Amino acid sequence: METFPKIISVDDHTVEPPHVWRDRLPSRYHDTGPRIVRAPLKEMTFLGGKFAPVMGAKGDEGPIGDWWVYEDLHRPLTRLDTAVGYDRDEIRLEVITYEQMRPGSHSVPDRLADMDVNHVQSALCFPTFPRFCGQTFTEAGDRELGLLCVRAYNDWMVEEWCGPEAHGRLIPLTLIPLWDPELAAAEVRRNAARGVRAVAFSEIPPHLGLPSVHTDHWDPFFRACDETGTVIAMHIGSSSRMPSTSADAPPAVGSTITFANCCFSMVDWLMSGKFERFPNLRIMYAEGQIGWIPYILERADVVWEENRGWGGVADKVLRPPSELFAGHVFGCFFDDAFGLRNLDAIGVGNVLYETDYPHSDSTWPKSREVGEAQMGHLAPDVVERIVRGNAIDLLGLTPEGLWRP
């Protein structure tokens, strides 16, 4: 390609600096709220989609890492949290310190510099310690502290990570208190009032012990998103259960089929009737890729047409699922040549680009080269829409692709 549009990545990640909660929580929570402790690793496994680290005590043998400590939770920073700059074969499941990660993982100026290297203009970032939809705070015991932690994260995200130093190039993505849909709705409205147009949610809430999208439990939250134009962003793993096949399956199995949760979730939404009830609702699937979408839409339409009488959807899903998809759902990819060859079956307007910085799957610093190689057969106006235009429209950015509160 003679020119390749400046990328707007809808799925990057921030590694929260140590001060995020320390500076924003009341002093009475300093010993129980999220804080960084440097400690040795006793053991750590990642099998069958389950991540299980054990923190050692001071003086124990073992590699030293920085750990988030929150109530009874001990969660280390790992090389998989921030792997850019390392050779693929050198990336291991190991604990690290802030000094051992690329500064762009947690520093705004350094992030902007790494975005420049990667031909990226703007980026929407998912969390690390809160996990992809804030389920860390949902699983904690103290609900009052959990709500303060959610609000503190959102304030940091809007005021600091996406603050003046970012020059509009970082796009805010906020969290909700998942345990209370009314509080969640209030948090959506609080952040929408300051220009936020994206909120994280779980791809499969029942995996978190929460009601499904087929109930009316979430309606206050969905209504708030519908009325404020806030897109619901669901990242793979936001159900705290990555797809796998067995308890002893190596991580490579789950990594190959990470799209499966998005697939299950999208069918849930298409058969839920929520898009009929909330016509302005929009959802996006971060890091789910797009090549699987055409068959699911074909199958969903067949089921809706042939089996809706007994399938439990005749009275609430009033249009073919593929039509609902076209108006409400966005797939996100960073490396999916097959999906791009079948773009007509997905829809040019339903696809968003991402770089996944700083994770091990990230295409940094070659996201432009990957895009050029995989999109070379597409017309320039189609490439423009995929790489930035659709994101501008969905996230309410300026015509230049910047976020303005």
Side-chain angles (χ1 to χ4, degrees), residues 10 201-207 210-219 221-223 225-227 229-236 238-239 241 243 245 256-333 336-352 377-378 382 385-386 390 393-394:
V10 297
F201 188 59
S202 175
E203 60 205 350
I204 308 176
H207 286 347
L210 299 168
S212 79
V213 298
H214 299 289
T215 70
D216 60 3
H217 173 85
W218 298 104
D219 285 4
F221 166 59
F222 295 158
R223 186 173 298 107
C225 294
D226 176 86
E227 293 175 356
T230 300
V231 61
I232 296 176
M234 293 170 283
H235 195 284
I236 57 167
S238 56
S239 61
R241 188 185 300 180
T245 55
T256 302
I257 57 175
T258 52
F259 72 92
N261 279 358
C262 298
C263 172
F264 298 159
S265 175
M266 190 180 81
V267 175
D268 245 0
W269 278 87
L270 293 177
M271 299 300 186
S272 70
K274 297 303 179 184
F275 296 138
E276 304 282 2
R277 295 189 58 203
F278 303 106
N280 297 313
L281 206 56
R282 303 290 185 272
I283 66 174
M284 57 172 269
Y285 287 102
E287 208 172 318
Q289 311 302 336
I290 59 175
W292 52 273
I293 292 175
Y295 173 71
I296 293 300
L297 294 180
E298 178 182 282
R299 176 60 183 165
D301 277 359
V302 169
V303 169
W304 180 83
E305 184 67 38
E306 303 294 337
N307 301 331
R308 64 178 180 267
W310 60 265
V313 297
D315 60 340
K316 60 183 179 179
V317 181
L318 308 181
R319 290 176 290 160
S322 60
E323 289 186 20
L324 297 173
F325 172 89
H328 299 272
V329 185
F330 296 80
C332 311
F333 78 100
D336 192 341
F338 180 83
L340 289 167
R341 290 196 300 271
N342 293 275
L343 191 61
D344 288 347
I346 303 169
V348 172
N350 297 86
V351 173
L352 305 168
H377 65 292
L378 301 174
V382 172
R385 288 190 67 184
I386 293 171
N390 290 336
D393 293 341
L394 182 65

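Scope of the values below: all heavy atoms of this structure, side chains included, with no hydrogens, waters or symmetry mates. Keep in mind that this is a model prediction, so the values were computed, not measured.
- At a threshold of 4.5 Å between non-hydrogen side-chain atoms, the residues His377 and Leu340 count as touching.
- Within the 4.5 Å cutoff, side-chain heavy atoms of Met266 are placed close to those of Trp292.
- Ring planes of Phe201 and Phe221: tilted class, angle from 30 to 60°.
- In this structure, Glu203 contributes its side chain and Ser239 its backbone to a donor-acceptor pair below 3.5 Å.
- Using a 4.5 Å heavy-atom threshold, the side chains of Ile386 and Val351 count as touching.
- In terms of heavy atoms, Ile290 sits closest to Cys332 at CG2-N, 4.1 Å.
- How far SG of Cys262 is from NE2 of His235: 8.5 Å, rounded to the nearest 0.5 Å.
- No side-chain heavy atom of Glu305 sits under 4.5 Å from any side-chain heavy atom of Pro320.
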| task | With side-chain contact (heavy atoms from CB on, under 4.5 Å) as the test, would you mind laying out the steps for Phe275 and Leu270 before giving the verdict? | result | CA-CA 8 Å; Phe275 296 138; Leu270 293 177; 4.1 Å; yes
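- Listed for the Asp336 side chain is no donor-acceptor partner under 3.5 Å among the backbone atoms of Gln289.
- In this structure, His217 contributes its side chain and Leu210 its backbone to no donor-acceptor pair below 3.5 Å.
- Aromatic ring centres of Phe222 and Trp269: separated by under 6.0 Å.
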| said: If you apply the rule side-chain contact (heavy atoms from CB on, under 4.5 Å), what do you find for Leu378 with Val348, and how did you get there? | reply: CA-CA 10 Å; Leu378 301 174; Val348 172; over 6 Å; no
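- For the atom pair CD1 of Ile232 and CD1 of Ile283, the computed distance is 7.5 Å after rounding to the nearest 0.5 Å.
- Residues Pro211 and Trp218 come closest through the heavy atom pair O-NE1, 2.8 Å.
- Panel note: side chain Ser272, backbone His214; no donor-acceptor pair is recorded below 3.5 Å.
- By the 6.0 Å contact criterion, CZ on Phe264 is open, its count of non-hydrogen atoms from other residues, nucleotides or ligands being 12 or less.
- Tyr285 approaches Ser265 most closely through the heavy-atom pair OH-OG, 2.8 Å.
- In this structure, Thr258 and Glu287 have side chains that are not in contact, with every pair of non-hydrogen atoms separated by 4.5 Å or more.
- In this structure the side chain of Asp301 never reaches within 4.5 angstrom of the side chain of Glu323, judged on heavy atoms.
- Here the shortest heavy-atom pairing between Phe259 and Gly288 reads CB-O, 3.3 Å.
- Panel note: side chain Arg282, backbone Gly327; a donor-acceptor pair is recorded below 3.5 Å.
- Judged purely by atom type and a 3.5 angstrom limit, Asn350 uses its side chain to pair as donor or acceptor with the backbone of Phe325.
- For the pair Val317 and Arg308, the minimum side-chain heavy-atom distance is 4.5 Å or more.
- When each of Asp216, Asp219, Asp226, Asp268 is checked for a salt bridge (Lys or Arg N to Asp or Glu O under 4.0 Å) with Lys274, only Asp219 meets the rule.
- Across all non-hydrogen atoms, the minimal contact from Ile346 to Gly339 is CD1-O, 3.7 Å.
- At most 12 non-hydrogen atoms from other residues, nucleotides or ligands lie less than 6.0 angstrom from CG of Asp344.
- Between Ile293 and Asn342 the shortest side-chain heavy-atom distance does not fall below 4.5 Å.
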| task | Apply side-chain contact (heavy atoms from CB on, under 4.5 Å) to the pair Arg277 and Lys316, showing each step before the final yes or no. | result | CA-CA 9 Å; Arg277 295 189 58 203; Lys316 60 183 179 179; over 6 Å; no
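- Taking CZ of Arg385 as the start and CG of Asp393 as the end, the distance is 7.5 Å to the nearest 0.5 Å.
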